[in-house]
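See below for the structure under consideration.
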Amino acid sequence: MSYDDNNIFAKILRSEMPAHKVFEDDETFAFLDIMPRTKGHTLVIPKNPSINMIDIDPDNLCVLIRSVHKLAPLVSKAMGADGFVIQQLNEAAAGQMVFHIHFHIVPRYLGVPMKHAASEKEQDGILSANAKLIRQEIDKQLG
Ligand code: AMP
């Protein structure tokens, strides 16, 4: 399979689709999952196109994981979470639905189960409010 320029995340990167952005630098972009498994579920993607772990250039992967490492504790703190899961799926058989590589940051709350993947669209107002809290925490910590 070759990279499809018309996947949803490629469109978000080109601003052809809206996103609840929480962070951007020269090489990576982070935004809220619209069908969050928990409150504050965030996706981190590279700007360079890759499908998944199979085709990504190792340097690009390093850049991506650096952003995940930087953002995950801040997302968790902003949401008042008790911990977080980092998830990354490769190929349809593993549950990959969007074929532009991404890491999931899924905040976890004691006693609160994760919803099934992509099971329920969150209200726009709630996503906006959560994105704002996360942006504020990122601004506070990273300036
Ligand atoms: P994966 O199964 O790892 O490919 O995850 C894809 C994720 O993208 C799922 O959690 C979906 O809820 C999420 N998703 C799909 N469309 C959008 C979108 N337009 N904006 C934000 N997240 C999306």
Side-chain angles (χ1 to χ4, degrees), residues 1-109 112-124 126-143:
M1 185 172 54
S2 58
Y3 182 84
D4 175 6
D5 258 335
N6 283 318
N7 74 73
I8 298 167
F9 295 171
K11 288 183 178 176
I12 287 174
L13 284 172
R14 294 195 298 267
S15 302
E16 293 168 10
M17 294 247 327
H20 294 278
K21 176 172 126 177
V22 297
F23 175 81
E24 179 173 13
D25 62 15
D26 288 347
E27 289 154 313
T28 62
F29 189 89
F31 55 104
L32 292 192
D33 194 305
I34 51 167
M35 291 175 273
R37 301 194 66 180
T38 65
K39 185 178 76 150
H41 182 169
T42 297
L43 301 171
V44 190
I45 64 177
K47 292 186 174 176
N48 280 336
S50 302
I51 298 171
N52 58 31
M53 195 65 81
I54 298 168
D55 66 327
I56 192 168
D57 174 89
D59 291 339
N60 199 17
L61 179 60
C62 288
V63 162
L64 180 58
I65 200 69
R66 273 183 185 281
S67 281
V68 173
H69 175 245
K70 188 160 58 179
L71 296 175
L74 302 181
V75 170
S76 179
K77 181 151 186 257
M79 292 292 94
D82 302 300
F84 54 85
V85 169
I86 303 296
Q87 196 179 39
Q88 192 274 316
L89 310 178
N90 299 279
E91 306 290 81
Q96 185 175 7
M97 291 180 283
V98 180
F99 293 90
H100 179 112
I101 192 170
H102 50 280
F103 278 85
H104 298 255
I105 300 170
V106 187
R108 295 304 309 269
Y109 308 86
V112 180
M114 288 199 285
K115 290 183 186 163
H116 288 296
S119 56
E120 201 183 329
K121 166 92 174 63
E122 185 55 278
Q123 292 171 35
D124 224 47
I126 293 177
L127 292 172
S128 293
N130 290 340
K132 187 174 174 193
L133 288 173
I134 293 170
R135 281 196 303 271
Q136 282 171 345
E137 187 61 34
I138 290 171
D139 283 351
K140 199 163 83 182
Q141 301 294 337
L142 304 180

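As the structure is a computational prediction, the values presented were derived from the model and not from experiment. Heads up: numbering here begins at 1 and tracks the sequence.
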May I ask you to check whether Phe31 and Phe9 place their ring centres under 6.0 Å from each other?
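Under 6.0 Å, so yes.
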Step through it carefully: locate the ring centre of His102, locate the ring centre of His104, and say whether they are under 6.0 Å apart.
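Yes, the ring centres sit under 6.0 Å apart.
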Pairing residues for [X] by the side-chain contact (heavy atoms from CB on, under 4.5 Å) criterion, not counting sequence neighbours:
X      : answer
Ile138 : Val22, Phe23, Leu71, Leu74, Ile134, Leu142
Lys11  : Asn6, Arg14, Glu16, Met17
Gln88  : Asn52, Met53, Asn90, Ile101, Phe103

Evaluate side chain to side chain contact (heavy atoms under 4.5 Å, CB included) for Phe84 paired with Val75, printing each intermediate quantity in order.
CA-CA 9 Å; Phe84 54 85; Val75 170; over 6 Å; no
Check step by step if side chain to side chain contact (heavy atoms under 4.5 Å, CB included) holds for Ser119 and Met35.
CA-CA 6 Å; Ser119 56; Met35 291 175 273; over 6 Å; no
How would you list all residue pairs meeting salt bridge (Lys or Arg N to Asp or Glu O under 4.0 Å) that involve [range], not counting sequence neighbours?
range            : value
residues 132-143 : Lys77-Glu137, Glu137-Lys140
residues 52-73   : none
residues 36-52   : Glu24-Lys47

Might you point out which heavy atoms bring [X] and [Y] nearest each other, and give the distance in Å?
X     : Y      : answer
Thr42 : Ala30  : CG2-CB, 4.3 Å
Pro46 : Leu13  : O-CD1, 3.7 Å
Leu32 : Ala131 : CD1-N, 3.6 Å

Are side-chain heavy atoms of His41 and Val85 found at a separation under 4.5 Å?
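No - every pair of side-chain heavy atoms lies 4.5 Å or more apart.
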What's the verdict on side chain to side chain contact (heavy atoms under 4.5 Å, CB included) for Glu91 and Ile54, showing C-alpha distance, side-chain angles and the deciding distance?
CA-CA 9 Å; Glu91 306 290 81; Ile54 298 168; 3.9 Å; yes
